[in-house]
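Whatever order the structure lists ligands and atoms in, that order sets their numbers, starting from 1. In this text the structure is predicted, and so the values were computed from the model without any measurement.
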Amino acid sequence: MTLSAPQIRARKRRHGAAPLVMVTAYDEPGARFATAAGVDLILVGDSVANVVLGHDDTLHVSLEAMCHHVRAVAAARPDAHVVGDMPWMSYHAGVDESVKNAAALIRAGANSVKLEGGRVRRDVVRAILDAEIPVMGHLGLTPQSVMAFGGFKVQAKTREAAAALILDAKVLQDEGVFALVVEGVPSLVGTQLTEALEIPTIGIGAGPDTDGQVLVFHDLLGLGNRKPAKFVRQYADLGPLITGAIAHFAADVREGRFPGPDEAYPNPEELTQ
Ligand code: KIV
C-alpha cells in the first residue's frame, strides 16, 4: 500500500522505524521494477536530465518534461509513494507560479513534490503546503546550485556550514516538510542532522545514520556513462548485458538467423496456393 506523506513523516529510525528506501525512476518500466522490488518511495528526479537526457547538470530539464516523466511513472500504478522533483526555475520566480507548478506535478501523478534549498525557499514551501501539497526538502550538495557552488562539491565541511545546514533543515521542518533529502555531506553532518530533526532524513552521500537512503536508478544498475560518485554502490552491471544482447541481435540479423520460424506468422493457405 502506498505510504502517505504523514506515514513517511513518522518513519524515524530512533523511534524503531525501518529505514526508508527510495530510488529514482523516470518511466513505466523503471517504476514497475522498483515497485516489484518493494521500495517505499520512487523519486522522479530531475537527475533525468543527466541519466536519461544526457546533460552534464540538472538545469536543463523543464517542468513539462518532468510532468511527462511523472506520468510515465504513474502509468505503472506503483505501490510506492511517488515524489515529483521540481526542476530549476519552476519555484524560483514567485510563489503563485511555484504553487501552480507543484500542482502540475501532482496532476501528472505525483503524491508529493521535492524542492531544493533551505531558508531562502521558506515562503515557497509554505505556499505549496498551504495548497495541501506535501513537500520534501533537499539540502547539502543540491545539484541545482552547481553554478553557485562552483561544481559538484561536498557541502557542510566546516562547523559553521554544518550549523547553517541544520538551521535550514529546522526551518523546513517547522514549515511542515514531511522528509528531507540530504546529499553530499560528511557522515557526521548526516548523523547530527538526523539527530536534530523529528522528520526523517533520506541520505545520498550522507553516511549510514540517516533515516533512509536514495540512489539513482542508472547508478544502482550500472547504466551510466561516467564513473559514479563515491557514494554510489552499483548493485548490477546491466550496461554490458544490454550491449551484448543488442550485438547478439545484430549478428543474428546479419547472418540470417533472425527471424526464425517461431518468430514469423504462418502463411495462410490462400496465399500459398
Ligand atoms: O534528482 C535526483 O535524482 C535527486 C536525488 C539525487 C536525491 O534529487
Side-chain angles (χ1 to χ4, degrees), residues 8 19-27 30-31 34 39-63 65-70 72-73 80-91 101-102 105 108 110-118 121 125 135-146 149 151-156 165 169 172 177-185 189-190 193-194 199-207 210-221 223-226 228-234:
I8 295 166
L20 288 162
V21 179
M22 181 158 86
V23 69
T24 67
Y26 316 99
D27 55 19
V39 303
D40 299 308
L41 301 102
I42 291 174
L43 170 64
V44 187
D46 62 356
S47 52
V48 68
N50 306 121
V51 297
V52 175
L53 304 176
H55 295 292
D56 288 335
D57 56 46
T58 58
L59 307 178
H60 294 87
V61 66
S62 65
L63 179 74
M66 290 306 301
C67 287
H68 172 82
H69 288 283
V70 169
V73 163
H81 179 108
V82 176
V83 184
D85 218 357
M86 297 196 71
W88 183 60
M89 286 313 292
S90 70
Y91 55 98
N101 291 340
L105 289 168
N111 302 114
S112 63
V113 300
K114 174 170 86 56
L115 56 82
E116 298 181 7
R121 303 288 162 227
V125 167
V135 178
M136 176 181 281
H138 186 165
L139 293 174
L141 199 186
T142 43
Q144 291 173 17
S145 313
V146 60
F149 289 160
F152 295 100
K153 296 176 179 166
V154 176
Q155 298 296 302
L165 184 136
L172 294 176
V177 306
F178 71 96
L180 181 74
V181 169
V182 55
E183 176 167 0
V185 298
V189 176
L193 179 70
T194 302
I199 56 171
T201 54
I202 302 180
I204 176 160
T210 52
D211 296 299
Q213 296 288 337
V214 52
L215 280 179
V216 168
F217 187 90
H218 291 62
D219 291 343
L220 190 159
L221 296 173
L223 293 168
N225 67 354
R226 66 194 90 187
K230 176 177 170 56
F231 56 72
V232 170
R233 186 178 295 175
Q234 195 182 305

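- For the residue pair Tyr26 and Gly45, the shortest heavy atom distance occurs at CE2-O, 3.4 Å.
- Protein residues with a heavy atom closer than 4.0 Å to ligand 1 are Thr24, Leu43, Gly45, Asp46, Ser47, Asp85, Lys114, His138, Val181, Glu183, Ile204, Val216, listed by chain and number.
- More than 12 heavy atoms of other residues, nucleotides or ligands shown are found within 6.0 angstrom of NE2 on His55.
- Here OG of Ser145 is found 11.5 Å from CG of Asp57. Values are rounded to the nearest 0.5 Å.
- When the shell of 6.0 Å around CZ of Arg233 is examined, it contains 12 or fewer heavy atoms from other residues, nucleotides or ligands.
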- Message: Show, in sequence, the C-alpha distance, side-chain angles and deciding distance for Leu165 and Leu193, and conclude whether the side chain to side chain contact (heavy atoms under 4.5 Å, CB included) test is met.
- Response: CA-CA 8 Å; Leu165 184 136; Leu193 179 70; 3.9 Å; yes
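- Evaluated for a side chain to side chain contact (heavy atoms under 4.5 Å, CB included) with Val181, the options Asp85, Thr210, Thr201, Ile204 yield exactly one hit, Ile204.
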